[in-house]
Visitor: 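Submitted below is the structure of interest, expressed as structure tokens.
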Amino acid sequence: MNPMLLAIDTALMWNVITAGIVIVFTVLLLLVGIFYLFGIVMRKTTGKERAPKAAKKQAAPKAAPRRTPAAPAPAAPAVSAGIPLEVVAAISAAVAEMQGGKPYAIRSIQQQPRSARPAWAMAGIMENTRPF
Amino acid sequence: MFQSLLDTVVQILRESGYAAFFAEGGYKSLVMIGIAFFFLYLGIKKGFEPLLMVPIAFGMLLANLPGANMGVQYHDIPEFIELFKAGQAGLVDILYLGVKAGIYPPIIFMGIGAMTDFGPLIANPKSFILGAAAQLGIFFTYIGATLLGFLPNEAGSIAIIGGADGPTAIYVTSKLAPGLLGAIAVAAYSYMALVPVIQPPIMRALTTKKERSVVMSGLRNVSKTEKILFPIVVTVVVTLLLPSAGTLVGMLMFGNLLKESGCTERLSKTVQNEFMNIVTVLLGISVGATTTAASFLNLATLKIVGLGLVAFAIGTAGGVLFGKLMYIFTKGKVNPLIGSAGVSAVPMAARVSQKEGQRENPSNFLLMHAMGPNVSGVIGSAVAAGVLLTILK
């Protein structure tokens with residue numbers, strides 16, 4: 001092989017190796033730095049959001065006895081006849097999940113007259129047509 | 001009348017593929033058909049990356065059936081245009097355009113992005129370092145390929161096998177050395193299937209029992225906002241720094257954004273299922289069809305197979321050794337076994353880390369910790385591909 005060509009290939013070879021390793025490590029180290037800082041910012045942000053809520057929760061039991069010695073028991077929701085208790089429990093659980101810990105009260109559960117299209121079919125149509 | 005019928009039958013037999021086996025060099029097609037059967041066996045019976053191995057092997061079979069003209073007949077777009085003008089471009093030639101124009105691999109990357117949870121990597125960004133370390137196999141194999149006489153562009157294509165990422169290997173090779181595409185794709189997917197065989201001995205050789213037994217502490221929860229911002233930030237940072245990596249990284253991150261945004265669920269499902277499956281079929285069969293006897297049955301293929309193994313081994317060793325460094329710097333909080341997952345091969349390489357960790361300590365669960373380097377390896381191999389394309393194209 002031509003020694004000149006060999007020299008060029010060798011130079012290119014070392015260029016590929018050194019540049020490759022340096023660039024790959026630089027890019028990924030840059031990402032380490034960015035997401036490390038990002039994590040710190042996010043923890044601080046979410047920490048600030050949580051702190052006032054936690055403070056409110058801790059303060060609430062102390063303040064409560066001064067105002068009222070005992071909170072009145074919540075009234076049971078008015079439930080239409082014919083709805084089984086299991087369905088009431090399932091609806092209550094679904095509402096609790098959707099509220100995500102926020103205070104809520106279920107005042108009544110009533111059976112609606114059945115529409116021409118079943119609820120699941122309506123949900124399917126909504127899901128498929130919403131983006132358009 | 002009988003003589004006429006006999007002449008017609010003889011004529012048909014002479015022009016059939018069977019007769020071509022007895023022509024000069026015809027035995028090579030038979031050998032290639034045997035190899036295609038072997039790869040079909042590996043894919044179907046042994047479960048070697050079947051989703052790609054089966055289409056590739058069947059493409060190989062079609063390409064080597066004499067007379068069917070089902071092999072890819074060109075290496076670059078101008079050649080295809082000539083074929084097309086002459087009316088000689090076949091089905092596979094047209095399908096292969098998606099590989100040659102660099103369309104299929106980025107689409108598959110988009111699907112991978114839509115299936116990948118980058119949460120473990122966001123929770124522990126240090127995992128990026130292990131993903132980078134496991135790319136060392138690519139660059140050290142480049143030396144071996146050059147010393148074995150391959151041209152720089154060919155050496156780069158062979159070296160990328162060390163990234164353990166099929167679409168990346170195909171993308172780089174289609175740009176740098178399309179003549180080697182079949183051999184490199186077959187080697188890359190074969191070794192990816194062999195990750196559970198190749199990696200464990202290297203992992204055990206480079207680590208002590210004490211290191212392998214390290215139980216890592218739980219990862220923090222990652223918020224939805226972080227998961228949404230991750231693909232956007234990575235795309236901007238990487239593409240601005242290395243534009244040639246933008247296609248792969250951009251599509252990977254686009255797929256991930258569809259998954260994480262929460263408002264494009266239907267697109268995400270399409271990208272990670274139907275769309276990706278369609279492209280996988282087209283990619284597999286057209287890559288397989290490049291493995292004609294002339295391009296596959298030569299010494300270069302054997303060298304590629306050998307170098308591919310070296311690339312995988314060095315990549316694994318690089319990841320484990322950097323894992324050991326992290327073990328030292330964190331005073332024993334990082335299990336070095338997760339370093340081997342830095343070669344992409346998602347999620348196989350992470351599963352190997354988990355399995356090896358549990359060999360030493362059955363109550364140790366390294367899987368989520370190993371997923372960090374594993375998905376980082378996908379980004380790392382795309383960046384490495386960008387470097388090779390920038391320098392060698």
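Because only heavy atoms are used, hydrogens play no part in the values below, and waters and symmetry mates are left out as well, while side chains stay in. By convention in this document, chain letters (A, B, ...) are assigned in the order of the sequence lines, proteins followed by strands, and residues within each chain are numbered from 1.
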Visitor: State yes or no: are the ring centers of F118(B) and F35(A) separated by less than 6.0 Å?
Guide: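 Between F118(B) and F35(A), the centre distance exceeds or equals 6.0 Å.
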Visitor: Of all of I34(A), L30(A), L28(A), V41(A), which one pairs up most often with chain B through heavy atoms under 4.5 Å apart?
Guide: L28(A)
Visitor: Pick from S376(B), G156(B), A245(B), A133(B): which one has the most heavy-atom pairs with chain A under 4.5 Å?
Guide: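 Top option by heavy-atom pairs under 4.5 Å: A133(B).
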Visitor: Which residues in residues 15-22 of chain A have a heavy atom less than 4.5 Å from any heavy atom of chain B?
Guide: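 Within residues 15-22 of chain A, near chain B: N15(A), V16(A), I17(A), A19(A), G20(A), I21(A).
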Visitor: Do I129(B) and L29(A) have side chains that get closer than 4.5 Å, going by heavy atoms?
Guide: yes
Visitor: Does the side chain of L31(A) reach to within under 4.5 Å of the side chain of V238(B), using non-hydrogen atoms?
Guide: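 Result yes, sub-4.5 Å side-chain heavy-atom pair found.
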Visitor: Which atoms of Q135(B) come close to chain A, meaning under 4.5 Å heavy atom to heavy atom: side chain ones, backbone ones, both, or neither?
Guide: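 Q135(B) touches chain A through side-chain heavy atoms alone.
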Visitor: Counting only non-hydrogen atoms closer than 4.5 Å, can you tell me which residues of residues 84-93 of chain A sit against chain B?
Guide: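 Expected list: none.
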Visitor: Looking at side-chain heavy atoms only, is the closest gap between T225(B) and F38(A) below 4.5 Å?
Guide: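 Result no, sub-4.5 Å side-chain heavy-atom pair not found.
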Visitor: Drop me the distance from E226(B)'s CD to R43(A)'s CZ, to the nearest 0.5 angstrom.
Guide: 8.0 Å
Visitor: Calculate, to the nearest 0.5 Å, the distance between atoms CH2 and OG1 belonging to W14(A) and T146(B) respectively.
Guide: 10.0 Å
Visitor: Pick one of side chain, backbone, both or neither for L151(B), based on which atoms fall under 4.5 Å of a heavy atom in chain A.
Guide: neither
Visitor: With a 4.5 angstrom heavy-atom cut-off, is it the side chain or the backbone of L121(B) that approaches chain A, or both, or neither?
Guide: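 For L121(B), there is no contact with chain A at all, as no heavy atom is under 4.5 Å.
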Visitor: Of all heavy-atom pairs between Y36(A) and P125(B), which one has the smallest distance, and what is that distance?
Guide: N-CG, 3.8 Å
